[in-house]
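Below is one structure; the comments refer to it alone.
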Amino acid sequence: MRRWQAAILGGGVVVLTGCATSGPVSASGRRIPPAVWTAAETRVAQENPPPELRLFYLDLYAEGRENEALHQMRLGLAALRTGHKEIAKRALDAAIRDVESLTAGEAAAQRAAGKFVREQTKWFKGEAYERAALFFYRGLLYLADEDFGNAAACFKRAQLQDITGDDAPGFAGDWFSAEWALAFAALKQGFPQDAEAAVNRAAQFSTRQDEVPWPRAQDNVLVVVEVGRGPQKYRAGRYGEQLRFQEVRPAVRTVEVRHGERLLATSAAAENLYVQATTRGTRQVDHILQGKAAFKEGAGTAAVALGVGAVVAAHHRGREADIATGVLGGLAVISAIVSEAATPEADVRGWDALPHSIYLVGVELPAGPVELEVRGRGAGGESAASLKLPIIVQPNDPIQVVMVRL
Amino acid sequence: MTAGKGCVKGTTMNAYLIRWTGLVVTMAVGSGCASPSPKPGVQYVDPATAGTLGGTGLESQDIVAAANKAAASIVTLPQIAQATTPPIVLITPVVNRSAAPVDTELYTTKLRGILMSYAPDKVRFLARDVGFETSKREEQLRSQGEVRAGRPRSAHTYDYILTAEVRGISAASNAAQSDYFLVAFKLVDYDDLLVWESQYEVKKEGRYHRIYR
């Protein structure tokens, strides 16, 4: 084997194996250096967060800037569900800062648009449904704090984040749950006309699931019921260049809130996140990834053609044939290397803790200790899940937000 | 073609191939593997200057600018500037009716601070948010003899209410997004008469990198 041939072969081996990973790997597929991991562990130990949130902090501190918003989202939702409201607020606000910033991570975004850099190396800002969910959950926290103005602002912002491609114009800003919660915040703020406008907008949404009772100004408890597992991202297409979502459909289709024998409310889902994820239409990044895939395929085809040419040339005698064999073989290897190095794979990092469906039930309860029952029913009306929910309703408290996971 | 020339040509060709191969491999390896994270660092930034994060929401410089404009205008009002006794103003929390979360307490605090610095001897402020409940509780303890009796409490009332409301129009599409904010300040006297109103507006437009759209 000649030197240059060995160099090309060696180069190919480097390309094919150079990124091999061992040890902890980030959500974007990067190897986390042991020193970084150790530093993250030390920081978590020093800060001593609630035990149920420690792993979220560890990922946040270990995985670097490109996954910060992702881990803030995950931490924020976990904290909200476990009753750590202040942590949830800080985490979701941090994620919002990244998502709202049009320039944060611009250099990484520019690199990720290139043919040899994976899309998932860009700073995570989430898909439209994840960004909308971010503002929706932050709005719930403002509601709980009785900051109805900022709650309403967040629910409006959730709709603004729900953008679509030109091929799906009817699905932009169609979060029913955001309009529902906006109506609630507006009623609590003393703006019934804003609430009515929200109801009227929501009535036009084609993504509306079924009958969802609207909130009333006198409702003092908001039961937020999260059901099932949210849309799971996966790659499709020959080179994994297409982003797709898998639905894990939960058994629960309606939710009842009961107080003893009394049925307080029955509601369909206010939001189906799988529907939101899959009505986005074509994204501009889809065109970028298609371009990368076409480049990869073209380079691969060229490698095969050049390889065939090299083989044909090798069957001829003479110096020119030797040179042609070498050149064609070399170009074939280079094309193969280039094809291999092209990275059209879609970014499948995701806020995977989101639920499949969100139910919103507003109820009016007397002050004092109350045990509610939240019951989920299947498509045939059968009981699919049930949870007892002891709460204490404070006198003159305009609203208490209760998170339930069925 | 002589053997010698052919050999030279072949060597040159090989050298080119090796160079190009090296370049391609370097690019592929360099771009495909981890790149170092940005170095952490902190720098002081004037809060009145535009931030570098580039969002279309309300930012600190907008708060500073709006509060400055309002304060400069208020202190020139005859009701304030020519009052024989400095009037007492109650600043109410900002009402946010826009589509962007706003730190309403920051607005209130900033506005009060700027007014204080503009005209410390021309206007006084009620700070019910600070000590009202504590003082009421203390008064109760005094009357019950739980603590020593002091001078009787005589809480002030206000001459004017200063309100602020944020409204906005926001839009977003697959291509770009924009936010227009109108911050309206009002000074209302105890008899509900609107004494003064000032508005501050800002509009921002921007777009994500296409890889996020």
Side-chain angles (χ1 to χ4, degrees), chain A residues 2-4 7-8 11-12 14-15 18-19 30-31 64-65 96-97 100-104 106 109-114 116-119 121-122 125 138 142 147 149-150 152-154 156-157 160-161 163-166 172 191 283-285 288 319 323 326-327 330 333-334 337-338 340-341 343, chain B residues 1 3 6-7 9-10 13-18 20-22 24-38 51-57 93-104 165-166 168 170-177 179 204 206-213:
Chain A
R2 293 176 184 173
R3 262 191 315 170
W4 64 268
I8 291 171
V14 168
V15 169
C19 295
R30 290 183 196 268
R31 190 179 68 82
R65 198 63 185 82
I96 283 173
R97 274 195 294 278
E100 283 278 271
S101 170
L102 302 176
T103 53
E106 198 172 40
Q110 190 59 38
R111 283 196 299 274
F116 302 109
V117 181
R118 293 174 194 275
E119 187 204 349
T121 58
K122 70 184 182 186
K125 298 191 183 198
R138 185 63 183 94
Y142 276 122
D147 185 346
N150 276 328
C154 280
K156 291 174 194 169
R157 210 81 188 154
L160 289 169
Q161 291 292 344
I163 55 170
T164 59
D166 295 339
F191 301 134
R283 308 168 304 162
Q284 294 202 22
V285 67
I288 295 173
R319 180 140 213 94
I323 292 169
V327 169
V333 172
I334 290 170
I337 291 169
V338 168
E340 184 59 35
T343 53
Chain B
M1 185 188 289
C7 191
K9 271 188 177 176
M13 184 79 70
N14 291 349
Y16 270 119
L17 283 171
I18 291 166
W20 276 102
T21 307
V24 169
V25 168
T26 305
M27 283 169 62
V29 172
S31 59
C33 294
S35 57
S37 302
T52 55
L53 290 179
T56 58
V94 176
V95 176
N96 182 15
R97 299 187 72 177
S98 75
V102 175
D103 188 339
T104 51
E165 184 176 85
V166 185
S170 301
S173 72
N174 207 21
Q177 68 182 63
D179 277 296
K204 299 180 184 182
R207 61 177 62 207
Y208 284 112
H209 188 281
R210 62 199 169 103
I211 205 163
Y212 289 111
R213 290 188 257 138

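Source: prediction; values computed, not measured. Below, chains carry the letters A, B, ... as their sequence lines are ordered, and counting in each starts from 1.
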*Under 4.5 Å heavy-atom distance to chain A, tell me which part of Val102(B) shows up: side chain, backbone, both or neither.*
both
*asked:* As an exercise: rank Ser173(B), Ala172(B), Ala99(B) by heavy-atom pairs under 4.5 Å with chain A and give me the winner.
replied: Ala99(B)
*Can you tell me how far the CD atom of Gln284(A) sits from the CZ atom of Arg213(B), to the nearest 0.5 Å?*
4.5 Å
_Is there a side-chain contact between Thr164(A) and Asn174(B) in this structure, where contact means two heavy atoms from C-beta onward sitting under 4.5 Å apart?_
no
*Which atom names give the shortest non-hydrogen contact between His209(B) and Ala113(A), and what distance separates them?*
CE1-CB, 4.0 Å
*State which residue, out of Leu102(A), Leu160(A), Ile163(A), fulfils the side-chain contact (heavy atoms from CB on, under 4.5 Å) condition with Gln177(B).*
Leu102(A)
*What is the distance from atom CZ of Arg157(A) to atom CG of Asp179(B), rounded to the nearest 0.5 Å?*
4.0 Å
*Which atom names give the shortest non-hydrogen contact between Ala153(A) and Pro101(B), and what distance separates them?*
CB-N, 3.7 Å
_Structural part of Ile288(A) lying under 4.5 Å from a heavy atom of chain B_ = side chain
*asked:* On a heavy-atom basis, which atom in Thr104(B) and which in Asn150(A) lie closest, and how many Å separate them?
replied: CG2-ND2, 4.2 Å
*Could you state the interatomic distance from CZ (Arg283(A)) to CD1 (Ile211(B)), rounded to the nearest 0.5 Å?*
9.5 Å
*Lys125(A) side-chain N/O to Tyr212(B) backbone N/O, donor-acceptor pair under 3.5 Å*: no
_Which atoms of Ala172(A) approach chain B - backbone, side chain, both or neither, heavy atom under 4.5 Å_ = neither
*Of all the heavy-atom pairs spanning Tyr208(B) and Ser101(A), show the shortest one and how long it is.*
CE2-O, 3.8 Å
*Is it the side chain or the backbone of Gln110(A) that comes within 4.5 Å of chain B heavy atoms, both, or neither?*
both
